[in-house]
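Comments concern the structure below.
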Amino acid sequence: MSEADATLDCRGYRCPVPVLRLEARLRAAGPGVRLLVLADDPIATVDIPHFCRESGLTAERLPDRDGACVFLVTRGDKLPIKS
């Protein structure tokens with residue numbers, strides 16, 4: 001597993017909040033930043049990878065931890081997310 005620059009803990013939040021928090025965090029981050037994202041909403045296992053594909057981000061699914069799905073999300077040089 002690659003090292004994350006920061007952790008975004010979205011446990012306890014339901015759709016669409018984990019993706020909204022991820023988007024906000026990435027907008028504030030610089031290119032190449034890697035976030036470890038934890039979410040316990042079952043829909044997040046679909047929403048986070050979908051959001052990343054649509055936004056040109058890389059999302060690597062890691063083993064679940066403490067009942068939460070875990071993703072390592074990497075921001076590229078640009079963040080082509082629609083406002």
Side-chain angles (χ1 to χ4, degrees):
M1 171 176 83
S2 300
E3 290 270 333
D5 297 304
T7 298
L8 178 62
D9 189 349
C10 295
R11 290 176 289 187
Y13 293 99
R14 297 294 172 240
C15 178
V17 175
V19 166
L20 295 174
R21 292 188 73 199
L22 174 59
E23 179 182 9
R25 190 74 170 276
L26 289 170
R27 282 189 179 280
V33 166
R34 294 179 308 256
L35 289 178
L36 190 68
V37 182
L38 295 96
D40 57 3
D41 181 2
I43 301 300
T45 62
V46 175
D47 281 354
I48 291 172
H50 175 75
F51 166 75
C52 291
R53 274 191 309 275
E54 293 294 313
S55 303
L57 306 167
T58 302
E60 177 186 353
R61 177 77 189 260
L62 302 176
D64 289 358
R65 181 187 307 171
D66 299 325
C69 64
V70 181
F71 290 93
L72 182 63
V73 176
T74 304
R75 178 184 166 174
D77 291 337
K78 297 180 182 177
L79 192 60
I81 298 172
K82 300 173 190 129
S83 300

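Side chains included, hydrogens not; waters and symmetry mates left out as well; all remaining heavy atoms used.
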What do the steps show when you test L36 against L62 for side chain to side chain contact (heavy atoms under 4.5 Å, CB included), and what is the final call? CA-CA 9 Å; L36 190 68; L62 302 176; 3.6 Å; yes
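The minimum heavy-atom distance between R75 and G30, with the atom names listed, is CD-O, 3.6 Å. Of all the heavy atoms in L38 and A68, the pair that sits closest is CB-CB, 4.4 Å. P49 and V46 make their closest contact through CD-O, 3.4 Å (heavy atoms, listed as atom of the first residue, atom of the second, distance). Here the closest heavy-atom approach between residue D5 and residue G32 is recorded as OD2-O, 3.9 Å.
Although no hydrogens or angles enter the test, the distance criterion places no donor-acceptor pair under 3.5 Å between the side chain of S55 and the main chain of C52.
Side-chain contact between V37 and V70: absent, with no pair of heavy atoms (C-beta onward) separated by less than 4.5 Å. Taking the side chain as every heavy atom from C-beta outward, L35 and L72 never approach each other to under 4.5 Å. For the pair V73 and R34, the minimum side-chain heavy-atom distance is 4.5 Å or more. Counting heavy atoms from C-beta on, the side chains of I48 and V19 come closer than 4.5 Å.
Rounded to the nearest 0.5 angstrom, L57 CG and L22 CG are separated by 7.0 Å. Considering CZ of F71 and CD of E60, their distance stands at 10.5 Å, rounded to 0.5 Å.
Sorted pairs that involve residues 41-52 and meet salt bridge (Lys or Arg N to Asp or Glu O under 4.0 Å), not counting sequence neighbours, are lacking altogether. Sorted by first then second residue, the side chain to side chain donor-acceptor pair (under 3.5 Å) pairs that include residues 12-22, not counting sequence neighbours, are R14-D40.
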